[in-house]
Amino acid sequence: MDVRTWGHINADTVALLTELAGRGTPLALLSNAPVELARMVDGRPWASLFRHRLYSADLRLAKPAPEIFHELTGRLGAAPGDVVFVDDREENVRAARTLGIRSVLFTGVPGLRAELARLAG
């Protein structure tokens, strides 16, 4: 079911990602995907919007463990406070926040757009 879900990504989500990448926003994907799903995601046209794609299966780490967020910020070369983490699971958002990462619970593209605008000031 996960493979089918990732195979049919929401067009509004892709539009927002395309817009952010077009503005030069460095995007990274942090996923708890298993190997098969990770490789399928890597093959999608929209995957190239992400400068970094980090998968639990490859890292042998999983959200919400703090180590995976440290790996993410290290790969980005960014301090936690310079990163905005978006996830659809509250426990992952909470875990990132405890590390000083600005975090948004994803409930849909309109809400995410509003929250990103708010965070941008």
Side-chain angles (χ1 to χ4, degrees):
M1 185 150 64
D2 270 349
V3 172
R4 281 193 306 254
T5 300
W6 279 92
H8 300 285
I9 193 162
N10 182 287
D12 291 338
T13 302
V14 173
L16 176 57
L17 292 170
T18 302
E19 182 182 316
L20 291 168
R23 284 192 237 153
T25 304
L27 301 175
L29 175 66
L30 179 62
S31 173
N32 281 349
V35 172
E36 299 81 12
L37 182 55
R39 298 301 78 85
M40 189 277 302
V41 168
D42 282 341
R44 295 292 184 218
W46 48 262
S48 65
L49 296 170
F50 297 99
R51 292 184 186 178
H52 302 279
R53 294 186 300 275
L54 293 84
Y55 302 103
S56 294
D58 299 327
L59 298 172
R60 301 195 189 273
L61 298 168
K63 297 177 289 184
E67 295 82 7
I68 200 163
F69 294 106
H70 295 307
E71 181 70 25
L72 172 66
T73 56
R75 296 262 183 112
L76 292 173
D82 295 332
V83 173
V84 176
F85 173 71
V86 178
D87 201 283
D88 63 349
R89 299 188 62 143
E90 181 64 41
E91 65 265 24
N92 296 336
V93 169
R94 271 195 313 269
R97 279 187 186 139
T98 64
L99 298 171
I101 298 171
R102 296 174 296 161
S103 301
V104 177
L105 180 64
F106 180 81
T107 58
V109 172
L112 178 56
R113 281 184 182 280
E115 189 61 18
L116 292 175
R118 184 189 72 75
L119 289 170

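Just so it is clear, the model here is predicted, and its values are computed rather than measured.
Minimum interatomic distance between Arg53 and Ala47 (heavy atoms only, all atoms of both residues): NH1-O, 2.9 Å. Shown here for Ser48 and Pro45, the closest heavy-atom pair between the two residues is OG-O, 3.1 Å. Ile101 approaches Val83 most closely through the heavy-atom pair CG2-O, 3.7 Å. Heavy atoms only, all atoms of each residue included: Trp46 and Val41 are closest at CH2-CG1, 3.6 Å. Residues Ala57 and Pro34 approach most closely at CB-C, 3.8 Å, considering heavy atoms. Residues Ala96 and Phe85 approach most closely at CB-CD2, 3.6 Å, considering heavy atoms.
Here the straight-line distance linking atom CG of Leu99 with atom OG1 of Thr73 works out to 8.5 Å at 0.5 Å rounding. One distance of note links CG of Asp12 with CG of Asn10; it measures 5.0 Å at 0.5 Å rounding. Between the OG1 atom in Thr18 and the CG atom in Leu27 there is a gap of 9.0 Å [rounded to 0.5 Å]. Within the model, atoms CG of Leu61 and CG of Asn32 stand 9.5 Å from one another, a figure rounded to the nearest 0.5 Å. To the nearest 0.5 Å, atom CG of residue Asp42 and atom CZ of residue Arg44 are 11.0 Å apart. Note that the CG atom of Asp87 and the CG atom of Leu30 stand 7.5 Å from one another [nearest 0.5 Å].
Clustering ILVMFWY residues whenever any of their side-chain heavy atoms sit less than 4.5 angstrom apart, transitively, puts Phe50 in the very cluster that holds Val84. Cluster membership check: Ile68 does not share its hydrophobic cluster with Phe106, using side-chain heavy-atom separations under 4.5 Å among Ile, Leu, Val, Met, Phe, Trp and Tyr. There is no path of hydrophobic side-chain contacts, each under 4.5 Å, that joins Leu76 to Leu29. The same ILVMFWY cluster, assembled from side-chain heavy atoms under 4.5 Å apart, contains both Leu49 and Leu116. When the side chains of ILVMFWY residues are joined at heavy-atom separations under 4.5 Å, either directly or via intervening members, Val86 and Val109 end up in a single hydrophobic cluster.
Annotation: side-chain hydrogen bond (donor to acceptor under 3.5 Å, both in side chains) contacts of Arg97 (sequence neighbours excluded): none. With sequence neighbours left out, Arg94 forms a side-chain hydrogen bond (donor to acceptor under 3.5 Å, both in side chains) with no residue at all. Applying the side-chain hydrogen bond (donor to acceptor under 3.5 Å, both in side chains) rule to Arg118 yields the partners Glu115; only residues at least two apart in sequence or on another chain are considered.
Around CZ of Arg113, the count of heavy atoms belonging to other residues, nucleotides or ligands within 6.0 Å exceeds 12.
Judged by distance alone, the side chain of Arg75 and the main-chain N or O of His52 form no donor-acceptor pair under 3.5 Å.
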